Amino acid sequence: MRFLQPLRCHASITRWASMLGIVGMLAACGLSPQTNPQSEQGLPPVTQPAPPVAQPVPPADAPPGTAPILQAKSRWQPVRWADIPGFESDALHEAWNAWIRSCERPAPPWAVLCADVRRLSIADGAQQRAWMRERLQPYRVEPLSVNPGGTTEGLLTSYYEPVFEASRRATPKHSVALWQPPTGLAQRKPWFSRKDIDTLPEAQAALRGREIAYLADPVDALILQIQGSGRLRIAEPDGSQRLVRVAFAGTNDQPYRSVGRWLLDQNLIRDASWPGIKAWIAVNPQRVQEMLWSNPRMVFFREEAIDPAAASQGPRGAQGVALTAGRSIAVDRESIPLGAPVWLQTRGDALNTQRMVIAQDVGSAILGAVRADYYMGSGDAAGELAGRLKQGLQLWVFWPK
């Protein structure tokens, strides 16, 4: 991450596989994207979360002396470490790498722990678990209103970083531009819509010279916008190739509209799964532009160099640190603050796992108490798996004692 969820803004079987991942994410919620979505995700400065408000009376099964914690959108119920499913079997060193990255920009509750987190990076799992039990208290994340006996299960979706071939210059094959933000974007809100950008000379003039690179397919460009970032293998004018990242840098401030929802509303398809949309595009290529124009939002990017030594790292999330495949999630920061270590449990056809992850990203479609978008990694394989992930979720937060 999506109901033909916001292309998180990542010809041939490969491209369709990549797009399959996006559509699955769109199918998850039918709302605008992270960060991830995407996720369209910017990089706001890390802000201190509002101090939690403790309830006066803990639940009967809480650890002695520990009260629940209220966030704006969730209630955290204290639990014992024995209540964390699978805690003894997770490969914690994988999550520890993501935690160390969070310590590059720690929020105040975590800054005092970062020296220990770094020191324990070479410890074994038993030592890491012992330290966590000593310094942290686990809390089960619940919606603010839960009926007695009601479920606390939420929704897990996924997002990824697509990889596309591109050209630095427009060519007959590569003619779909990815732009930097236009000069004066902040002075006009909302800015020109997607259709305006394609048709109005005034909008086109404002974007002239702001091109980063060109793709071959406008739907690929929409995928990048939904995911919020991606990698490009760019053919340079001198014949060389470069691998770069394009990262979210702003939008035209227009509302997001799901192209899958548009197809359903037009009675053009009966389901918004990618096979259905793919079949419709194959039969109706002359209407693809109309489909794209149904979503007025346009995302602008900035180009970032990729250090070969850090090529395995993901894009930067909202916390401002590189995401780690399988160990970073996007959350609603009014339920879980950025930088928090979180225990995630999900069971379904796409993924069965119990593991520690770190809340390092947000997404405009990732809303609610028990809601997360799981960063799957980069490339077509990650996109295919991300697109199939839409299933139940339970979350626990590990908070400093």
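Numbers here are sequence positions counted from 1. Note that the coordinates shown come from a computational prediction; the quantities given were computed from them, not determined experimentally.
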Stepwise side chain to side chain contact (heavy atoms under 4.5 Å, CB included) check, V176 with D220:
CA-CA 9 Å; V176 182; D220 288 349; over 6 Å; no
I'd like to know whether R119 forms a salt bridge (charged side-chain N to carboxylate O under 4.0 Å, His left out) with D116, so could you lay out the CA-CA distance, the side-chain angles of the two residues, the decisive distance to 0.1 Å, and finally the verdict.
CA-CA 5 Å; R119 175 178 58 82; D116 281 351; 3.2 Å; yes
Begin with the C-alpha distance, continue with both residues' side-chain angles, and end with the deciding distance and a verdict on side chain to side chain donor-acceptor pair (under 3.5 Å) for T324 and Q313.
CA-CA 6 Å; T324 302; Q313 295 183 7; over 6 Å; no
Side chain to side chain contact (heavy atoms under 4.5 Å, CB included) between W262 and R257: does it pass, once the steps are laid out?
CA-CA 8 Å; W262 179 82; R257 298 283 184 262; over 6 Å; no
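Between W96 and L120 the shortest side-chain heavy-atom distance falls below 4.5 Å. Residues V288 and L292 have side chains in contact (heavy-atom distance under 4.5 Å, counting atoms from C-beta outward). Inter-residue side-chain proximity for P296 and P255 is flagged as met; some heavy-atom pair is nearer than 4.5 Å. Residues L113 and L136 meet the side-chain proximity criterion, which asks for heavy atoms closer than 4.5 Å. Using a 4.5 Å cut-off on side-chain heavy atoms (C-beta onward), P400 and W110 make contact. Side-chain contact between L207 and F192 is absent, with no heavy atoms from C-beta onward closer than 4.5 Å. Here the side chains of Q394 and W343 are not in contact, with every heavy-atom distance at 4.5 Å or above. A 4.5 Å side-chain heavy-atom check between I329 and L344 finds at least one atom pair inside the cut-off.
A donor-acceptor pair under 3.5 Å is formed between the side chain of N252 and the backbone N or O of M298. When atom types are taken as modelled, the side chain of D238 and the backbone of S240 share a donor-acceptor pair closer than 3.5 angstrom. In this structure, the side chain of K73 does not engage the main chain of I336 through any donor-acceptor pair within 3.5 Å. The main-chain N or O of R118 is found under 3.5 Å from a side-chain atom of S121 such that the two form a donor-acceptor pair. Not a single donor-acceptor pair under 3.5 Å links the side chain of Q354 to the backbone N or O of I84. In terms of modelled atom types and a separation under 3.5 Å, the side chain of R75 and the main chain of L144 share a donor-acceptor contact.
Donor-acceptor pairing under 3.5 Å is lacking for the side chains of Q254 and N295. A donor atom on one side chain and an acceptor atom on the other are found under 3.5 Å apart for Q360 and S328. At a cut-off of 3.5 Å, with distance as the only test, no side-chain donor of S335 or R371 sits close to an acceptor on the other residue. Defined by atom type and a distance below 3.5 Å, a donor-acceptor pair is missing between the side-chain atoms of Q345 and T353.
In terms of the salt bridge (Lys or Arg N to Asp or Glu O under 4.0 Å) criterion, D253 has no residue partners (sequence neighbours excluded).
The pair R316-E304 counts as a salt bridge, with a side-chain nitrogen and a carboxylate oxygen less than 4.0 angstrom apart. In this structure, R261 pairs ionically with D265, as a charged nitrogen and a carboxylate oxygen lie closer than 4.0 Å. Ion pairing between R168 and E303 holds under the 4.0 Å rule for side-chain N and carboxylate O.
Between F398 and F87, the ring planes lie perpendicular to each other; the angle is over 60°, past the 30° to 60° tilted range. Under the 30°/60° scheme for interplanar angles, the aromatic rings of W76 and Y139 are found to be tilted.
The disulfide bond (SG atoms under 2.5 Å apart) analysis of residues 91-142, with sequence neighbours excluded, yields the pairs C103-C114.
W396 contributes atom CH2, which lies 8.0 Å from atom CZ of R140 (distance to the nearest 0.5 angstrom). Distance check: Q127 CD to L92 CG gives 12.0 Å after rounding to the nearest 0.5 Å.
The neighbour count for D349 CG, taken as heavy atoms of other residues, nucleotides or ligands under 6.0 Å away, does not exceed 12. Environment of CZ in R287: crowded, with over 12 heavy atoms of neighbouring residues, nucleotides or ligands closer than 6.0 Å. The neighbour count for K195 NZ, taken as heavy atoms of other residues, nucleotides or ligands under 6.0 Å away, does not exceed 12.
Y374 pairs in a side-chain contact (heavy atoms from CB on, under 4.5 Å) with only one of the listed residues (T346, L385, L393, L351), which is L351.
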